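What you are looking at is a predicted structure, and each value in this text was computed from that prediction instead of being measured.
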Amino acid sequence: LHFGAAVSQPQLVGLKESTLPRPEKNILEAGTVGNIAEARPSVTEEYAVEWAKNDKRRLLHAVYRVGDLDKTIKFYTECLGMKLLRKRDIPEEKYSNAFLGYGPEESHFTVELTYNYGVDKYDIGAGFGHFGVAVEDVAKTVDLVKAKGGKVTREPGPAKGESSIIAFIEDPDGYKFELLERASTLEPLCKVMLRVGDINRAISFYKKAYGMELFRKMDFPEHKYTTAIMGYGPENNNAVLELTYNYGVKEYDKGNGYAQIAIGTDNVYKTAEAVKLNGGKIVLDPGPLPGLNTKITACLDPDGWKTVFVDNKDFLKELE
C-alpha cells in the first residue's frame, strides 16, 4: 500500500466521504437551535472517543522516502538485522517501494521505503526525530554499523537518567535510529519519535481521535523537554509513538523525507468522523483506493503529522 510518493497522486482525489452512523440514542432532537449546537459535540464526541478506544488498532508501518532503495535495504538487513518482506517497482508511476521489519506484516510493525525515480536526496527536517530498534547488544550493533561504514552519532552508554544502554546511528539518508538494549522483545522495531509544539494538546488528540493509550509522560526540566509514550496494547509487544516537546518550540520544519504512519482500523468511516470531531484534519476522505479496493482515510494531527488509517481486512487481503 503506497502513500509515500513525493509527487501528488491524482487517483487519490475525489473519493466520496461516507458518514458515520450516529449512535442510536441521540438526544439531538432538542428544541432550539442553541440547544442542538450545545448538545451535538458532547454526544457525538463521547461516542466517537469511546469507539476509537475500542476499535481494533495497531501501528502497521512508517512510510518515508529514500534516495537509493538497494543501499538502504542493504544497511537495514546487514546492520540492523531486518528482513526484506516485499519489494515492488511501479514504473508507470515512477517509484519503487520496499517493506522491511522483524516479522510478517500481519503481526509486526514495518518500514515502507519509497524511492521516487531520479530523486536521490531528501530534506528530513527538524520535526522527525528517530526510529527505535531494540537489540540484544548495543555495543556489538554499533561495531557492526561502523564496520559497514555507517555513521554513529552517539556512542553506547546509559540513557539520560536511566541505567539502560542506548546509542544513536544514522542510515544512508540521515534518518536517525536509537538502539535500545533489551534482552528480548516481540517487536524490535519498537518506536517512532516525532516532535510536537504542545505536549498536552498532542496527548489529548492521540487519546481521543486515535484511541491511543498514554503509557507514560516524562519531564526533563534540566534538558528542557517533555516526552509522552503512546500506543496500542502492551508496550513491550508493540511499537509505540514517542511525542517530544522541546520547551518553547511551537512548530517544526517537517522536510520532505518522512511521510506518515499507517494504522489499522475496523472502520475507516467512523475513524475519520472521530478524527474530525476531535480537531484533526481529513486530507483524504474515507473510501476504497481505485484499483486496490483497500479502504483508507488520511488525516493530520494538530501539528500537521500525517496518519493513514487502513481497513484491517483489506490490509490482510492485500498481503495475500
Could you tell me if the ring centre of His61 sits under 6.0 Å from that of Phe109?
no
Over 60° means perpendicular and under 30° means parallel, so tell me whether Tyr210 and Phe309 are parallel, tilted or perpendicular.
perpendicular
Any side-chain heavy-atom pair from Phe99 and Val63 closer than 4.5 angstrom?
no
At their closest point, which heavy atom of Lys207 faces which heavy atom of Leu214, and how far apart are they?
CE-CB, 3.9 Å
Assess whether a salt bridge exists between Glu155 and Lys146, defined as any Lys/Arg side-chain N lying under 4.0 Å from an Asp/Glu carboxylate O.
yes
When hydrophobic residues are tied together by side-chain contacts of less than 4.5 Å, even through go-betweens, does Leu289 share a cluster with Val283?
no
Do Tyr225 and Val240 land in one hydrophobic cluster if side-chain heavy atoms of ILVMFWY residues count as linked below 4.5 Å?
yes
State whether Asp55 and Arg57 are salt-bridged, where the test is any N-O pair (Lys NZ or Arg NE/NH1/NH2 against Asp/Glu carboxylate O) under 4.0 Å.
yes
With side chain to side chain donor-acceptor pair (under 3.5 Å) as the test, would you mind laying out the steps for Thr294 and Glu318 before giving the verdict?
CA-CA 8 Å; Thr294 299; Glu318 199 182 306; 3.0 Å; yes
With the side chain counted from C-beta on, respond yes when Ile166 and Leu179 share a heavy-atom pair under 4.5 Å apart, and no when they do not.
no
Give the intermediate values and the outcome of ring-ring contact (aromatic ring centres under 6.0 Å, His included) for residues Phe177 and Tyr76.
CA-CA 11 Å; Phe177 281 78; Tyr76 288 6; 5.3 Å; yes
I'd like to check the salt bridge (charged side-chain N to carboxylate O under 4.0 Å, His left out) partners of Lys87; sequence neighbours left out, ordered by chain and number.
Asp70
What heavy-atom pair brings Ala239 and Leu59 nearest, and what distance separates the two atoms?
O-CD1, 3.5 Å
Under the salt bridge (charged side-chain N to carboxylate O under 4.0 Å, His left out) criterion, do Arg201 and Asp303 qualify, and how do the steps go?
CA-CA 9 Å; Arg201 178 184 69 183; Asp303 286 279; 3.2 Å; yes
Answer yes or no: is there a side-chain heavy-atom contact under 4.5 Å between Val196 and Thr244?
no
Evaluate the criterion side chain to side chain contact (heavy atoms under 4.5 Å, CB included) for residue pair Leu100 and Thr77; output intermediate values, then yes/no.
CA-CA 8 Å; Leu100 295 97; Thr77 52; 3.9 Å; yes
Decide yes or no for Arg182 and Cys190: does some side-chain heavy atom of the first lie under 4.5 Å from some side-chain heavy atom of the second?
yes
Can a side-chain donor-acceptor contact be found between Tyr247 and Asp219 if the only test is distance below 3.5 angstrom?
yes
Answer yes or no: is there a side-chain heavy-atom contact under 4.5 Å between Ile263 and Val310?
no
Indicate the atoms forming the closest heavy-atom contact of Pro158 with Ile165, along with that distance.
N-CD1, 3.9 Å
Can a donor-acceptor pair be found between the side chains of Asn97 and Glu112 at a distance below 3.5 Å?
yes
Between Glu93 (side chain only) and Tyr95 (backbone N and O only), is there a donor and an acceptor less than 3.5 Å apart?
no
Taking the six-membered ring of Tyr232, is NZ or CZ of Arg58 closer than 6.0 Å to its centre and within 45° of its axis?
no
Rounded to the nearest 0.5 Å, the OG atom of Ser184 sits from the CG atom of Asn236 at a distance of 9.0 Å
ILVMFWY network linking Phe315 to Leu292, side-chain heavy atoms under 4.5 angstrom
yes
Walk me through it: do Val135 and Lys140 pass the test side chain to side chain contact (heavy atoms under 4.5 Å, CB included)?
CA-CA 9 Å; Val135 297; Lys140 196 173 165 186; over 6 Å; no
For the atom pair NE2 (His108) and CG (Asn237), what is the distance rounded to the nearest 0.5 Å?
9.5 Å
Does Lys270 form a side chain to side chain contact (heavy atoms under 4.5 Å, CB included) with Tyr47? I'd like the steps, not just the answer.
CA-CA 10 Å; Lys270 287 185 180 182; Tyr47 170 68; 3.8 Å; yes
Taking the side chain as everything from C-beta on, heavy atoms only, tell me whether Val138 gets closer than 4.5 Å to Leu180.
no
Name the residue from Tyr122, Tyr258, Tyr175, Phe128 that meets the ring-ring contact (aromatic ring centres under 6.0 Å, His included) definition with Tyr64.
Tyr175
In plain terms, say whether Glu178 and Arg154 are close enough for a salt bridge, that is, a side-chain N and a carboxylate O under 4.0 Å apart.
no
May I ask you to check whether Lys217 and Asn200 show a side-chain donor-acceptor distance below 3.5 Å?
yes
Same apolar cluster: Phe220 and Phe215, side chain cutoff 4.5 Å
yes
Verify the cluster assignment for Ile199 and Leu241: are they in a single hydrophobic cluster under the rule of side-chain heavy atoms below 4.5 Å apart?
yes
Shortest non-hydrogen contact from Leu85 toward Gly101
CD1-N, 3.8 Å
Could you measure the distance from the CZ atom of Arg86 to the CG atom of Leu84? Nearest 0.5 Å is fine.
10.5 Å
Taking the side chain as every heavy atom from C-beta outward, state whether Asp285 and Thr297 have any pair of such atoms under 4.5 Å apart.
no
Rounded distance [0.5 Å steps], CG in Leu316 versus CG in Asp311
9.0 Å
Going by an N to O cut-off under 4.0 Å, is there a salt bridge joining Glu320 and Lys317?
no
How about Thr226 and Met218: do any of their side-chain heavy atoms sit closer than 4.5 Å?
no
Atom NZ of Lys191 and atom CG of Asn238: how far apart are they, to the nearest 0.5 Å?
15.0 Å
Using a strict threshold of under 4.0 Å (side-chain N to carboxylate O), is an ion pair present between Lys56 and Asp266?
no
Look up atom CD1 in Ile261 and atom NZ in Lys306, then write down how far apart they are to the nearest 0.5 Å.
12.5 Å
Closest approach of Val268 to Gly287 (non-hydrogen atoms, all atoms of both residues)
CG2-N, 4.2 Å
Could you give me the CA-CA distance, side-chain angles and deciding distance for Asp89 and Tyr115, then say whether side chain to side chain donor-acceptor pair (under 3.5 Å) is met?
CA-CA 9 Å; Asp89 186 39; Tyr115 168 68; over 6 Å; no
Smallest heavy-atom separation, Ala52 atom then Lys208 atom, equals CB-O, 3.8 Å
Go through it in stages, so that I can follow the logic: the residues are Asp137 and Glu181, the test is side chain to side chain contact (heavy atoms under 4.5 Å, CB included), and I'd like the CA-CA distance, side-chain angles, deciding distance and then a yes or no.
CA-CA 6 Å; Asp137 189 329; Glu181 193 154 274; 4.0 Å; yes
Tell me whether the count of non-hydrogen atoms from other residues, nucleotides or ligands lying under 6.0 Å of CD in Glu136 goes above 12.
no
Please check this pair: side chain of Arg195 against backbone of Ala126, looking for a donor-acceptor N/O pair closer than 3.5 Å.
yes
Between the side chain of Asp120 and the main-chain N/O of Asp68, is any donor-acceptor distance below 3.5 Å?
no
